Peer 1: 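Just passing along the structure, written as structure tokens.
These numbers were taken from a predicted model, which means no experiment stands behind them.
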Amino acid sequence: VFGKDITLILNLNNLSSDHKTVKVDISASTVLYTRRAVAEILKADTSVDLGSKQGKHIRLKIPYSYYGKYLTTDKRIQVTALCEVMHMPGVKLLVEKTIILEDTNIIIKVPRRVVVNKAATLEISYANPLPEPVNRCVLLVTLMNQQVKIHLAPLAPRERSRIYFEFTPRRTGPLQLQVDFSCDKFSHVKGFVTITVAPA
């Protein structure tokens, strides 16, 4: 989840009956959706001794403090591990993993029944998932082809807050509501909901 430390586990298994030593070079970078690297955030190497038919795992932790300021709006991190069996030239294995961090910031609560030409109130809950305060918070609400920009108070670390948004639907059927939350530390955290408007 965005804002939290990331823990990864690399499993290594020796399928042969011979003892093997594996050198592992690990790197992690923030990337765009095109996989183009933005910034390297971690580089580490280690060696693992594997006995006959033995398996071991390497635990890797990427703290938020490593990736936070380098993350793009795509919220992607690419991790690669190059595994090389020592004393066996050319025996290498490349393992790649793309992590897409989830947002759990926006929660939209819609009334049980929304009726045409009657005012309805939505509850929009938003959060700061980071271990540090955020400022310049803005919520952009898009509904019925109109946008409303709402300036919000700063949020403390891990704080959740909410606002109430009133609107009056002018036609029956489905309505798309989009909420976009931004602040000085991250931007474009989105929430979507489809509202079904009933006849009067």
Side-chain angles (χ1 to χ4, degrees), residues 1-9 27-33 36-44 59-79 97-114 118-169 174-197:
V1 175
F2 173 62
K4 296 190 176 177
D5 296 347
I6 300 165
T7 301
L8 301 168
I9 295 175
S27 66
S29 299
T30 55
V31 294
L32 301 173
Y33 74 95
R36 187 170 72 81
V38 176
E40 187 173 73
I41 54 174
L42 181 74
K43 199 164 182 61
R59 184 179 293 269
L60 177 70
K61 185 175 181 180
I62 308 175
Y64 164 75
S65 59
Y66 284 24
Y67 72 80
K69 62 183 176 181
Y70 300 111
L71 209 58
T72 70
T73 53
D74 295 328
K75 296 184 174 61
R76 291 172 185 253
I77 295 174
Q78 180 88 18
V79 181
K97 173 78 173 173
T98 301
I99 301 161
I100 302 173
L101 298 176
E102 294 179 7
D103 287 319
T104 56
N105 289 7
I106 303 289
I107 299 170
I108 304 166
K109 291 184 180 176
V110 180
R112 190 172 298 171
R113 184 169 163 80
V114 177
K118 286 191 177 180
T121 302
L122 304 168
E123 181 186 290
I124 301 172
S125 168
Y126 54 95
N128 171 17
L130 307 183
E132 56 188 335
V134 297
N135 298 292
R136 297 198 297 279
C137 302
V138 174
L139 209 60
L140 191 64
V141 180
T142 305
L143 180 66
M144 299 185 295
N145 296 320
Q146 292 187 326
Q147 285 191 333
V148 179
K149 190 175 188 178
I150 305 165
H151 294 273
L152 308 166
L155 290 173
R158 313 283 188 211
E159 182 184 2
R160 179 169 284 279
S161 189
R162 65 178 58 85
I163 64 163
Y164 295 93
F165 183 79
E166 185 178 284
F167 72 103
T168 302
L175 276 182
Q176 288 282 338
L177 171 79
Q178 177 180 310
V179 177
D180 188 311
F181 178 61
S182 295
C183 64
D184 62 337
K185 298 289 195 313
F186 55 86
S187 60
H188 304 305
V189 175
K190 296 181 186 294
F192 301 90
V193 71
T194 300
I195 303 165
T196 301
V197 181

Peer 1: Is a donor on one side and an acceptor on the other found under 3.5 Å between the side chain of S125 and the backbone of R162?
Peer 2: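 A pair under 3.5 Å: no.
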Peer 1: Nearest 0.5 Å, what's the CD-CD1 distance between E123 and I108?
Peer 2: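 So the CD of E123 and the CD1 of I108 are separated by 11.0 Å.
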Peer 1: Taking OH in Y70 as the centre, count heavy atoms belonging to other residues, nucleotides or ligands within less than 6.0 Å. Is the count above 12?
Peer 2: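 Not more than 12 within 6.0 Å, no.
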Peer 1: Of all the heavy-atom pairs spanning C183 and C137, show the shortest one and how long it is.
Peer 2: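 Here C183 and C137 meet closest at CB-SG, 3.9 Å.
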Peer 1: Got E132 and Y64 here, is their nearest side-chain heavy-atom distance under 4.5 Å?
Peer 2: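 E132 reaches Y64 side chain to side chain.
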Peer 1: Atom OG1 of T194 and atom CG of L175: how far apart are they, to the nearest 0.5 Å?
Peer 2: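 Result: 9.0 Å between the selected atoms.
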Peer 1: If I take atom CD1 from residue I6 and atom CD1 from residue I77, how far apart are they, to the nearest 0.5 angstrom?
Peer 2: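 Here the interatomic distance stands at 3.5 Å.
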Peer 1: Heavy atoms only: give me the nearest P154-N135 pair and the separation to one decimal.
Peer 2: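 It is CB-OD1, 3.3 Å.
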Peer 1: Just wondering, more than 12 heavy atoms not from Q146 lying within 6.0 Å of its CD?
Peer 2: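 Result for CD/Q146: open.
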Peer 1: Tell me, please, which residues at least two apart from K149 pass salt bridge (Lys or Arg N to Asp or Glu O under 4.0 Å).
Peer 2: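 Partners of K149 under the salt bridge (Lys or Arg N to Asp or Glu O under 4.0 Å) test: none.
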Peer 1: Using a 4.5 Å cut-off on heavy atoms from C-beta on, say whether the side chain of I99 contacts that of L8.
Peer 2: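 SC-SC contact between L8 and I99 confirmed.
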Peer 1: To the nearest 0.5 Å, tell me how far K75 NZ sits from H188 NE2.
Peer 2: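 That separation rounds to 9.0 Å.
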Peer 1: Please work out whether the ring planes of F165 and F167 are parallel, tilted or perpendicular, with thresholds of 30° and 60°.
Peer 2: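 Parallel, since the angle between the ring planes stays under 30°.
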Peer 1: Between CG of L42 and OH of Y67, what distance do you get to the nearest 0.5 Å?
Peer 2: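 Result: 13.0 Å between the selected atoms.
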Peer 1: Taking all atoms of both residues into account, what is the closest heavy-atom pair of I106 and G191, and its distance?
Peer 2: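 For I106 and G191, the tightest heavy-atom pair comes out as CG2-CA, 3.8 Å.
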Peer 1: Output, in order, the C-alpha distance, side-chain angles, deciding distance and verdict of side-chain contact (heavy atoms from CB on, under 4.5 Å) for L122 and V141.
Peer 2: CA-CA 11 Å; L122 304 168; V141 180; 6.0 Å; no
Peer 1: Using side-chain hydrogen bond (donor to acceptor under 3.5 Å, both in side chains), reason through Q78 and T98 one step at a time and then give a plain yes or no.
Peer 2: CA-CA 4 Å; Q78 180 88 18; T98 301; 2.6 Å; yes
Peer 1: Which distance, rounded to the nearest 0.5 Å, do you find between the CG of L32 and the OG1 of T72?
Peer 2: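 Reported to 0.5 Å precision, the distance equals 5.0 Å.
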Peer 1: Give a yes or no on whether the backbone of L140 and the side-chain of D180 come within a donor-acceptor separation of less than 3.5 Å.
Peer 2: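 Not a single qualifying donor-acceptor pair exists.
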Peer 1: Name all residues meeting the side chain to side chain contact (heavy atoms under 4.5 Å, CB included) criterion together with T196; count only those two or more places apart in sequence or in a different chain, and write none if there are none.
Peer 2: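 Scan of T196 (side chain to side chain contact (heavy atoms under 4.5 Å, CB included), adjacent residues dropped) gives none.
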Peer 1: Grab the two heavy atoms, one from V31 and one from A37, that are nearest each other, plus how far apart they are.
Peer 2: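 Taking V31 first and A37 second, the nearest heavy atoms are CG1-CA, 3.8 Å.
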Peer 1: Would you say P169 and V114 make side-chain contact, with heavy atoms under 4.5 Å?
Peer 2: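 In contact.
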Peer 1: Which atom names give the shortest non-hydrogen contact between E40 and S29, and what distance separates them?
Peer 2: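 Residues E40 and S29, closest heavy atoms: CA-OG, 3.5 Å.
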Peer 1: I124 vs I150, test: side-chain contact (heavy atoms from CB on, under 4.5 Å). Steps then yes/no.
Peer 2: CA-CA 12 Å; I124 301 172; I150 305 165; over 6 Å; no
Peer 1: Looking only at heavy atoms, what is the nearest atom pair of M144 and T168, with distance?
Peer 2: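 M144 and T168 have their closest heavy atoms at CE-O, 3.6 Å.
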Peer 1: Pairs in or reaching into residues 120-141: which pass ring pair (Phe, Tyr, Trp, His ring centres under 6.0 Å), with residues at least two apart or in two chains?
Peer 2: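 Only Y126-F181 qualify under ring pair (Phe, Tyr, Trp, His ring centres under 6.0 Å).
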Peer 1: Distance-only, no hydrogens or angles: does the N128 side chain make a donor-acceptor pair with backbone N or O of A156 under 3.5 Å?
Peer 2: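 Side chain of N128 to backbone of A156, a donor-acceptor pair under 3.5 Å: yes, one is there.
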